[in-house]
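First the structure, in the form of structure tokens, and then the observations on it.
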Amino acid sequence: MFNKTTSYIFNKYGEIVNELSFKQSHKLYHSTFKIKDKSVYQLISYNTDIYIKVLSGIVMITVENENGSHENFVIHRQIRINKDVKFNFLCISSNAKLEMICDYKSKKTTYQLPEDMPITYEPLVPTFSIDEILGYYYQVRNSNYSFPGESHDFWELTFIDNGELKTTVDGDEYILDEMDLILYAPKQFHTQHTGKSKSCSYLTILFDMNIPDSYLITNRVYHAHRDIHNTLNNFIKVSNNDILYDSELMLCYLKQLIIKILQYDFQTSTPVASTPMQQRFENELLNEIIIYINDTIYEQLTIEEICNKFSISRSSLQSLFKKNIGIAPKQYISDLKLSKSKLLIKESIYTISEISNMLGFTSIHYFSRKFKQQFGITPTDYAKTIYN
């Protein structure tokens, strides 16, 4: 966040002024000049106060503090700079125009900075771009599936929804478990195959991306922590819509996903509690509730039953899930039931109607509607893809 000259921090170097405070007898020097430099190699100071007003564009003033380091402020309104303060201007916009007013007898002193240590404005601009999403699809592969391999001119992301997938990238083998993902860079030859007894379903996204240092995110398996998983879910939900600018939103979510992967080793999505003791309590309570939900997933479980069993209010339960998982408990139960239904369909033992009854859905029509909302395909069509 940029500081402005209206900040109290700037009071060490000057202040915002509405009127000039020169004596009437003083002869004033007015100067108008243009700037476009993003870097400066020297600082200046005056032996009197001077006044600066930005006539056009956006300008940052950089000043030297008592420690010899520099502080930057975006100039807002007309400012007075105290005498003997060392400063210079950086142009934020493409160009700008300034007006300077000072006493006619003011003397300027120039201080040269080390040649290799200029003061530079770092613009907030994209460092990489995703130009196009070429395709995205959900695939279900039975056991003993083997893809002999390919390389192509675009990026490919594979995210494992459930099951296990083995892949080789330029001869190196990687194993992807549930909730894992991998990125294949352009020209990387890669194969994919499932095990002898494990099927796999996964999301594939194909896209064109211009990114420096692509080696930072390739040749590695990532596990989808909460932030990555939420971003993937947002991408999938938007992909099923047909609202104005949803395609732009998909590009934004995909770029957000790549950023989360770039930040993978530096950030965690685990929420921080107000105290370690509170976090431990929340973890233990949440773990007990989740185990209970998993044990009773084949029943028509209600929020009231959970609250009664664990002596917790409905609002506290809601807060516990929202804070630590990011979704409401009712949504968590629904998502878990739907995930279980996919596994049951893959086993090909029960009919769709039987699975709906087993998981406590009120009707097969409601189950089918929820399944399609979640996965973009009906349970019947999902079963056909497995059979095929």
Side-chain angles (χ1 to χ4, degrees), residues 1-23 25-128 211-213 216 259 262-268 272:
M1 187 71 68
F2 292 141
N3 280 323
K4 295 198 297 184
T5 49
T6 49
S7 168
Y8 74 93
I9 303 173
F10 184 70
N11 291 341
K12 296 181 292 184
Y13 313 107
E15 64 177 347
I16 295 290
V17 294
N18 295 320
E19 297 180 358
L20 305 184
S21 60
F22 291 104
K23 294 181 180 180
S25 60
H26 281 202
K27 187 176 180 180
L28 302 182
Y29 174 75
H30 290 256
S31 174
T32 301
F33 56 96
K34 294 181 179 180
I35 65 168
K36 60 179 181 180
D37 296 328
K38 306 290 184 182
S39 298
V40 293
Y41 295 84
Q42 61 184 20
L43 297 177
I44 57 176
S45 71
Y46 288 83
N47 64 343
T48 63
D49 294 351
I50 69 166
Y51 295 81
I52 296 293
K53 183 177 181 180
V54 177
L55 301 178
S56 65
I58 305 175
V59 179
M60 178 179 285
I61 182 172
T62 181
V63 294
E64 185 176 282
N65 60 28
E66 64 268 11
N67 299 321
S69 56
H70 303 96
E71 295 186 82
N72 300 326
F73 303 87
V74 177
I75 297 178
H76 185 60
R77 293 156 48 187
Q78 184 171 259
I79 64 170
R80 176 181 58 78
I81 303 174
N82 297 338
K83 68 176 183 178
D84 298 327
V85 169
K86 298 176 183 178
F87 69 94
N88 209 331
F89 303 107
L90 295 164
C91 189
I92 295 180
S93 52
S94 57
N95 56 74
K97 183 187 290 187
L98 299 175
E99 180 184 19
M100 185 181 76
I101 305 171
C102 63
D103 189 285
Y104 191 81
K105 296 182 179 180
S106 296
K107 292 184 179 180
K108 180 174 76 171
T109 304
T110 301
Y111 306 87
Q112 208 67 33
L113 295 170
E115 289 186 6
D116 59 342
M117 296 181 63
I119 301 172
T120 302
Y121 165 68
E122 300 291 343
L124 295 175
V125 295
T127 56
F128 74 95
I211 184 170
D213 304 325
L216 293 174
I259 292 171
L262 286 165
Q263 297 174 340
Y264 190 85
D265 292 326
F266 305 99
Q267 292 187 355
T268 175
V272 179

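What's counted below: heavy atoms across the whole structure, side chains too, no hydrogens, waters or symmetry copies. In this text the structure is predicted, and so the values were computed from the model without any measurement.
Side chain of Lys53 to backbone of Ile79: no donor-acceptor contact under 3.5 angstrom is found. A donor-acceptor contact shorter than 3.5 Å links the side chain of Thr5 to the backbone of His76. For Asn67 (side chain) and Ser69 (main-chain N/O), no donor-acceptor pair under 3.5 Å exists by modelled atom type.
The nearest pair of heavy atoms linking Ile35 to Leu90 is CD1-C, 4.2 Å. For the pair Ala96 and Gly57, the tightest heavy-atom approach, listed with the atom from each and the gap, is CB-CA, 4.0 Å. Contact between Lys107 and Asn47 at its shortest, heavy atoms only, is N-OD1, 2.8 Å. Residues Asn3 and Ile9 share a closest heavy-atom pair of ND2-CD1, 3.9 Å. A pairwise comparison of heavy atoms in Leu113 and Gln42 identifies CD1-N, 3.8 Å as the closest pair. Residues Leu262 and Phe128 share a closest heavy-atom pair of CD1-CE2, 4.0 Å.
Once rounded to the nearest 0.5 Å, the distance linking CD1 of Ile52 with CD of Glu99 reads 8.5 Å.
Exactly one of Ile50, Thr62, Leu43 qualifies for a side chain to side chain contact (heavy atoms under 4.5 Å, CB included) with Phe87. That residue is Ile50.
Judged as a side-chain hydrogen bond (donor to acceptor under 3.5 Å, both in side chains), the pairs with a partner in residues 81-95 (not counting sequence neighbours) are, in order, Arg80-Asn82. The stretch residues 91-124 participates, sequence neighbours left out, in no ring pair (Phe, Tyr, Trp, His ring centres under 6.0 Å) pair at all. Judged as a salt bridge (charged side-chain N to carboxylate O under 4.0 Å, His left out), not a single pair has a partner in residues 108-125 (not counting sequence neighbours).
Residues Tyr46 and Ile81 are not in side-chain contact: their nearest non-hydrogen atoms beyond the backbone lie 4.5 Å or more apart. Using a 4.5 Å cut-off on side-chain heavy atoms (C-beta onward), Cys91 and Asp37 make no contact. Between Gln78 and Ile16 there is no side-chain heavy-atom pair separated by less than 4.5 Å. For the pair Phe2 and Asn72, the minimum side-chain heavy-atom distance is 4.5 Å or more. Annotation: side chain of Met117 is not in contact with side chain of Tyr41 (no heavy-atom distance under 4.5 Å). Using a 4.5 Å cut-off on side-chain heavy atoms (C-beta onward), Val74 and Ile92 make contact. The shortest distance between side-chain heavy atoms of Met100 and His30 does not fall below 4.5 Å. With a 4.5 Å cut-off on side-chain heavy atoms, Lys27 and Lys105 do not count as touching.
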- Message: Quick one, Tyr29 with Ile101, criterion side chain to side chain contact (heavy atoms under 4.5 Å, CB included). Give me CA distance, side-chain angles, the key distance, then yes/no.
- Response: CA-CA 6 Å; Tyr29 174 75; Ile101 305 171; over 6 Å; no
- With side chain to side chain contact (heavy atoms under 4.5 Å, CB included) as the test, would you mind laying out the steps for Lys97 and Thr32 before giving the verdict? CA-CA 7 Å; Lys97 183 187 290 187; Thr32 301; 3.6 Å; yes
- Item | Derivation of the side chain to side chain contact (heavy atoms under 4.5 Å, CB included) call for Glu71 and Glu64 | CA-CA 6 Å; Glu71 295 186 82; Glu64 185 176 282; over 6 Å; no
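Between Phe10 and Tyr13, the two ring planes are tilted [angle within 30° to 60°].
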